[in-house]
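Below is one structure, written out as structure tokens, with a few remarks after it.
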Amino acid sequence: MTATARASTAIDTVLLDIEGTTIPVSFVHEILFPYARAAMPALLAQRADDPAVRAALADIAELAPGVPPLAQLNAWMDGDAKIGPLKALQGLAWAEGYRTGALQAPLFADVLPALRRWRAAGLRLAVYSSGSEAAQRLIYGHTTEGDVAGLFDGFYDLRIGGKRAADSYRAILAETGWTPARTLFLSDIVAELDAAVQAGLHTCQLVRAEDGTIAGATHPVAATLDDVSRLFALPEA
Ligand SMILES: CSCCC(=O)C(=O)COP(=O)(O)O
Ligand SMILES: [Mg+2]
């Protein structure tokens with residue numbers, strides 16, 4: 001496949017990754033992840049009766065039998081594992097940070113104007129992130145530009161499958177009825193875009209200067225969502 005945009009059919013749905021696409025990698029890795037790591041011991045100790053915590057602990061016991069949950073979580077966090085129980089517990093930890101105002105998510109400057117423009121033009125917007133659906137709603141509900149979660153019609157997480165597997169995108173299409181040839185997936189990670197292409201979606205790699213993203217050779221490349229608008233004939237500023 002070439003790295004040029006294929007926009008002969010109008011895009012009506014944009015599915016967006018978060019980290020490195022709409023929000024800087026540095027916020028996730030330098031603020032969110034350390035916050036969750038620091039909060040994890042107290043979360044496990046103090047909320048052991050919370051059904052969400054219990055469900056995550058049961059998943060950990062199944063995935064890593066005999067390993068103390070906190071040790072397993074720390075190992076996963078060390079490796080930035082994209083795995084359900086870790087993502088569920090991180091989301092619970094972040095909820096407190098957003099509630100107190102300790103956490104506020106910075107969007108890249110081009111993101112909110114473009115999303116509002118696309119939405120106003122009738123495009124459907126949805127999120128697909130390794131972060132839990134709850135964490136996705138929280139991050140967009142607590143940005144430095146206010147609560148923007150209402151811009152999105154859907155929030156997909158690891159429960160539908162991993163982002164590097166074509167079947168995950170097929171499952172999203174099957175669940176929603178979206179037309180693959182009218183759906184555009186945006187991400188900074190080539191392996192995720194490769195999987196989306198296998199499922200028939202259009203793709204574009206966000207190569208954010210602030211994140212030092214390396215451009216691949218097999219997908220259209222955009223530095224901002226304004227570039228995406230130009231490449232895919234979406235409403236421009
Ligand atoms: C919901 S914000 C935190 C995102 C996260 O936990 C993560 O691992 C990054 O996932 P993404 O799929 O957005 O790259
Ligand atoms: Mg990303």
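Just so you know, ligand 1 is whichever comes first in the structure, and atom 1 is the first atom listed for that ligand. Numbers here are sequence positions counted from 1.
Annotation: atom 6 (O) of ligand 1 to nearest protein heavy atom, K87 NZ, 2.9 Å. In this structure, atom 12 (O) of ligand 1 lies nearest to the protein heavy atom K163 NZ, 2.5 Å. Atom 9 (C) of ligand 1 has its closest protein heavy atom at E19 OE1, 3.0 Å.
Side-chain atoms of D157 and Y128, non-hydrogen and from C-beta on, never get closer than 4.5 Å to each other. Annotation: side chain of V221 is not in contact with side chain of C204 (no heavy-atom distance under 4.5 Å). Contact check for Q90 versus L43: no side-chain heavy atoms found under the 4.5 Å cut-off.
Contact annotation for I139 and ligand 1: only side-chain heavy atoms (C-beta onward) come within less than 4.0 Å of the ligand. When heavy-atom distances to ligand 1 are checked against a 4.0 Å cut-off, F33 comes that close only through its side chain, counted from C-beta outward. The proximity of D17 to ligand 1, defined as any non-hydrogen pair under 4.0 Å, is limited to the side chain.
The minimum distance between the Mg ion (ligand 2) and any N, O or S atom of D188 involves atom OD1. Distances from the Mg ion (ligand 2) to the N/O/S atoms of E19 are shortest for O.
When each atom of ligand 1 is checked for a heavy atom of I18 under 4.0 Å away, the hits are 1 (C), 13 (O). Each of the atoms 7 (C), 8 (O), 9 (C) of ligand 1 lies under 4.0 Å from some heavy atom of K82. Those atoms of ligand 1 with a heavy atom of S130 less than 4.0 angstrom away are 8 (O), 10 (O), 11 (P), 12 (O).
Side chain of Q205 to main chain of A222: no donor-acceptor pair is present (N/O by atom type, distance under 3.5 Å, no hydrogens or angles). With hydrogens and angles disregarded, a donor-acceptor distance shorter than 3.5 Å links the side chain of D110 to the backbone of L225. Here the side chain of R119 pairs no donor or acceptor atom with the backbone of R124 at under 3.5 angstrom. Between the Y35 side chain and the W94 main chain, no donor and acceptor come within less than 3.5 Å of each other.
Not one N or O of S132 is nearer than 3.5 Å to an N or O of ligand 1, by distance alone.
Taking backbone and side chain together, D17 holds an N, O or S atom under 2.8 Å from the Mg ion (ligand 2).
Salt bridge annotation for E133-R159: present, with a cationic side-chain nitrogen under 4.0 angstrom from a carboxylate oxygen.
The one candidate from W178, Y169, F232 that meets the ring-ring contact (aromatic ring centres under 6.0 Å, His included) condition with F185 is Y169.
For W94, the heavy-atom gap to ligand 1 drops under 4.0 angstrom.
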